[in-house]
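Labels below follow one simple rule: chain letters A, B, ... track the order of the sequence lines, proteins then strands, and each chain is numbered from 1.
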2 protein chains.
Amino acid sequence: MVRERVTMADVARAAGVSSATVSYVLSGKRPVAPETRAVVEAAIEELSFTVNVTARSLRTGRSSLVALIVPDIANPFFAQLAATLQEQLRGLGLHVVVCGTGARRDEERALLAEAVHQRFAGVVITPFRLKQQDFKPLVDAGMPVVISADVSFGPIDLVTPDARVATRRALERVSTSQRRRIAMIAGPRDATGGDPRLEHLRALAMQFGMSLPHELVVRGEHTREAGAAGFGALMSRRYPPDAVFCGNDVIAVGAMDKAHELGVDIPGDVALIGHDDASFASLVRPRLTTIRYPAAEVGRSAAQLLIERLNGRQAPKTVHVMAEFVARSSV
Amino acid sequence: MVRERVTMADVARAAGVSSATVSYVLSGKRPVAPETRAVVEAAIEELSFTVNVTARSLRTGRSSLVALIVPDIANPFFAQLAATLQEQLRGLGLHVVVCGTGARRDEERALLAEAVHQRFAGVVITPFRLKQQDFKPLVDAGMPVVISADVSFGPIDLVTPDARVATRRALERVSTSQRRRIAMIAGPRDATGGDPRLEHLRALAMQFGMSLPHELVVRGEHTREAGAAGFGALMSRRYPPDAVFCGNDVIAVGAMDKAHELGVDIPGDVALIGHDDASFASLVRPRLTTIRYPAAEVGRSAAQLLIERLNGRQAPKTVHVMAEFVARSSV
DNA sequence: ATGAAAGCGCTAACAT
DNA sequence: ATGTTAGCGCTTTCAT
């Protein structure tokens with residue numbers, strides 16, 4: 001038994017009104033007499049009518065889909081972001097379409113183009129190798145875009161962490177344990193905006209009278225393997241570091257793998273600090289000290305910005321979410 | 001500069017053909033003369049035309065959306081499933097809409113209903129509290145559905161783990177280390193299909209001459225907190241267990257928390273075995289021994305089944321993916 | 001092998 | 001306060 005779809009016309013017929021009235025009852029875009037409204041709502045209930053979102057989208061030229069474009073959905077940080085975003089947008093009848101780019105620029109660009117072509121309601125994106133100009137078509141098309149990133153991409157809504165305090169705390173902690181040679185295993189060089197986490201650390205380190213020399217900065221992808229390789233490289237330096245910051249927690253775990261393999265004690269020989277506070281950070285041993293980026297809060301803020309824009313806000317807005325220094329046992 | 005959408009009519013005009021021909025060039029549903037085809041393809045290229053999926057959906061009555069309905073997107077297992085599914089379906093122009101239910105039956109039902117109403121292309125779901133009859137409307141409506149679960153829900157495509165060998169291996173391992181009193185921290189009682197992981201363990205344990213008495217089975221949600229509470233409860237029994245199986249890895253980590261708190265040594269005093277092999281299982285200390293359910297393979301199989309059904313397969317099909325005993329240091 | 005045209009279900013401009 | 005109707009862009013039947 002295939003149930004036929006109930007249309008607005010059916011509801012209108014049942015309620016003895018025109019389909020326009022049904023539409024207006026639903027949207028509230030023009031006044032409807034209370035009695036009429038009641039009759040229509042009864043008919044909707046009776047027939048268990050739900051609007052055809054596809055038809056609506058075709059007519060209005062705007063779909064009910066929000067694209068979430070991230071390097072890797074399986075990364076716990078982005079998974080949490082997806083979960084929160086979906087939860088926040090659900091009540092508005094918006095659906096979250098997840099798109100993993102594998103950190104490839106061509107994928108990122110293709111997905112952006114698709115969002116425009118298909119008239120998505122909006123885009124939430126953590127760009128990885130995109131440049132500012134890649135967003136121009138979206139902005140020109142009036143597409144609501146929220147960027148979740150460390151750096152700005154021009155006049156576009158942004159959710160960005162404020163890690164100044166947290167990074168300072170981390171350095172204080174490292175400094176009080178008499179460590180002087182700090183190092184970083186950063187993300188790839190060609191990632192957009194360079195690596196703000198690195199730049200940031202460099203600037204602050206100087207204030208603390210600590211060095212972050214070039215030979216103590218290594219780069220790689222955001223993977224466990226890259227973390228292991230990076231840590232190995234750092235340890236083979238003539239003067240190896242006594243504190244290693246990592247671009248994210250996945251890298252840090254890779255570094256731990258290597259430390260274990262090399263017999264380097266953490267935190268005895270080397271302090272290790274991650275970024276993100278991924279779900280596993282508190283599970284590894286030693287438990288990972290990290291600079292926490294609150295994924296759920298990022299998700300809520302992104303949803304909020306998106307909603308405001310759907311409601312007509314024009315001026316770009318930036319929301320700062322505070323990163324937090326989480327001291328565990330790897331320092 | 002808002003770029004106007006390029007329609008099939010535009011392409012048709014540019015190519016000097018009718019829009020029907022453009023459509024047929026795209027779909028291949030009727031023969032087109034090679035020269036005509038060439039002209040049309042050139043025009044498509046020239047104008048960088050892409051079809052309006054919304055209009056297509058309205059016309060065909062089938063959208064290009066696939067709903068992924070799971071208890072919790074942020075759970076690493078489901079996050080990986082989402083990532084794989086999206087990757088597999090991307091090439092077919094299908095989008096994955098993620099839907100988290102929080103394991104609530106009303107949400108699960110609402111989402112299912114919505115998928116039917118909005119004429120989704122298909123549904124991939126890990127039901128948690130749904131019953132077999134909840135799927136009837138979908139099946140009647142001819143909606144392609146793939147269930148990823150431990151148990152069958154009737155004549156519907158199913159991706160299901162085969163954990164017999166792996167569970168046997170786990171018990172062998174437990175048995176050779178002279179453990180006799182096994183316990184389980186299982187999922188909630190009202191989950192659909194009871195708890196197959198528990199039933200399964202119980203049946204096999206008997207064959208191994210080990211007991212799994214009722215007082216050594218505790219239940220809770222799939223959370224770290226529930227795991228801790230469950231472990232605490234088990235340890236307060238008059239005769240506490242010397243091996244504890246957990247419904248999933250998240251529960252197992254909670255159990256570890258509690259063991260640490262109580263000064264119970266793992267695996268010295270108690271062996272601990274999880275389920276899933278979530279990404280963090282190899283990161284906790286002691287590293288978690290677990291029964292691995294390959295999320296990526298589940299995702300690939302689900303995508304495969306869905307595609308077959310979109311291509312017209314009628315008969316329900318079940319794919320078994322082999323679970324695997326992963327021996328680490330918690331046993 | 002190709003074209004003409006109806007119509008999917010809705011919204012919103014225009015009428016009353 | 002409500003109704004009438006065009007048309008969003010596509011697919012597909014019917015004609016040629």
Side-chain angles (χ1 to χ4, degrees), chain A residues 2-41 43-44 47-65 93 114 116-121 141, chain B residues 2-41 43-44 47-65 93 114 116-121 141:
Chain A
V2 176
R3 199 161 347 165
E4 283 310 313
R5 219 205 180 288
V6 180
T7 71
M8 268 191 187
D10 298 328
V11 175
R13 206 171 306 118
V17 299
S18 76
S19 67
T21 299
V22 178
S23 174
Y24 286 118
V25 164
L26 252 29
S27 71
K29 288 189 182 173
R30 89 178 179 191
V32 176
E35 315 83 69
T36 313
R37 170 179 298 277
V39 177
V40 170
E41 281 170 348
I44 289 176
L47 301 175
S48 53
F49 164 80
T50 39
V51 314
N52 182 327
V53 186
T54 305
R56 171 183 287 173
S57 297
L58 180 58
R59 177 59 226 234
T60 62
R62 185 120 295 183
S63 87
S64 59
L65 300 178
E114 190 172 353
V116 177
H117 268 131
Q118 300 309 332
R119 299 276 160 101
F120 275 35
Chain B
V2 175
R3 201 162 347 168
E4 284 309 312
R5 226 218 174 280
V6 179
T7 72
M8 268 193 187
D10 299 328
V11 174
R13 206 171 306 119
V17 300
S18 75
S19 67
T21 300
V22 178
S23 175
Y24 285 118
V25 164
L26 252 30
S27 71
K29 288 190 180 173
R30 92 179 177 191
V32 175
E35 316 83 69
T36 313
R37 171 180 297 277
V39 176
V40 170
E41 282 170 346
I44 288 175
L47 302 175
S48 55
F49 164 81
T50 39
V51 313
N52 182 326
V53 183
T54 306
R56 172 182 287 173
S57 296
L58 180 58
R59 176 60 225 237
T60 61
R62 185 118 297 182
S63 87
S64 59
L65 301 178
E114 189 173 352
V116 176
H117 269 131
Q118 301 308 334
R119 299 275 159 98
F120 275 35

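- Heavy-atom minimum distance, B:Leu58 versus A:Ala55: CD1-CB, 3.7 Å.
- Atom CD of A:Glu41 and atom CZ of A:Phe49 lie 12.5 Å apart (nearest 0.5 Å).
- Residue B:Thr7 is classed as a sugar-phosphate contact, given heavy-atom separations below 4.0 Å to backbone atoms only.
- Rounding to whole angstrom units, CZ of residue A:Arg62 and C1' of C:dC10 are separated by 17 Å.
- For DNA chain D, the span of nucleotides reached by chain A at under 4.0 Å from its heavy atoms goes, 5' to 3', from D:dA1 to D:dG9.
- With sequence neighbours left out, A:Gln118 forms a side-chain hydrogen bond (donor to acceptor under 3.5 Å, both in side chains) with no residue at all.
- Contacts between residues 25-35 of chain B and DNA chain C, defined by a heavy-atom separation below 4.0 Å, involve B:Arg30, B:Pro31, B:Val32, B:Ala33, listed by number.
- Atom CZ of B:Arg13 and atom CG of B:Leu47 lie 10.0 Å apart (nearest 0.5 Å).
- For the pair B:Met8 CE and C:dT2 P, the computed distance is 16 Å after rounding to whole Å.
- For A:Thr21 and B:Thr21, each mapped to the nucleotide of DNA chain D holding its nearest heavy atom, the one lying further toward the 5' end belongs to A:Thr21.
- Within residues 50-59 of chain B, the residues that have a heavy atom under 4.0 Å from DNA chain D are, in order of number, B:Val51, B:Asn52, B:Ala55, B:Arg56, B:Arg59.
- Look at B:Ser18 and you won't find any side-chain N or O under 4.0 angstrom from OP1 or OP2 of C:dT2.
- The OG atom of B:Ser64 sits 7.5 Å away from atom CG of A:Leu65, with the distance rounded to the nearest 0.5 Å.
- Within the 3.5 Å criterion, the main-chain N or O of A:Ser19 finds no donor-acceptor partner in the side chain of A:Ser23.
- Bending across the helix from C:dA1-D:dT16 to C:dT16-D:dA1, expressed as the angle between its end axes from five pairs apiece, amounts to 40° (10° rounding).
- Rounding to the nearest 0.5 angstrom, the gap separating the OG1 atom in B:Thr54 from the CZ atom in A:Arg119 is 9.5 Å.
- Contact check, A:Ser23 against C:dA12: no side-chain N or O comes under 4.0 Å of OP1 or OP2.
- Between atom CZ of residue B:Arg62 and atom CZ of residue B:Arg56 there is a gap of 14.5 Å, rounded to the nearest 0.5 Å.
- Residue pairs that meet the side-chain hydrogen bond (donor to acceptor under 3.5 Å, both in side chains) test with at least one member in residues 24-39 of chain A, sequence neighbours left out, do not exist here.
- Shown are A:Val25, A:Val40, A:Val17; of these, the side chain to side chain contact (heavy atoms under 4.5 Å, CB included) with A:Val32 is made only by A:Val25.
- Shown here for B:Ser63 and B:Ala121, the closest heavy-atom pair between the two residues is O-CB, 3.2 Å.
- In terms of heavy-atom proximity, B:Leu26 sits nearest to B:Met8 at CD2-CE, 3.6 Å.
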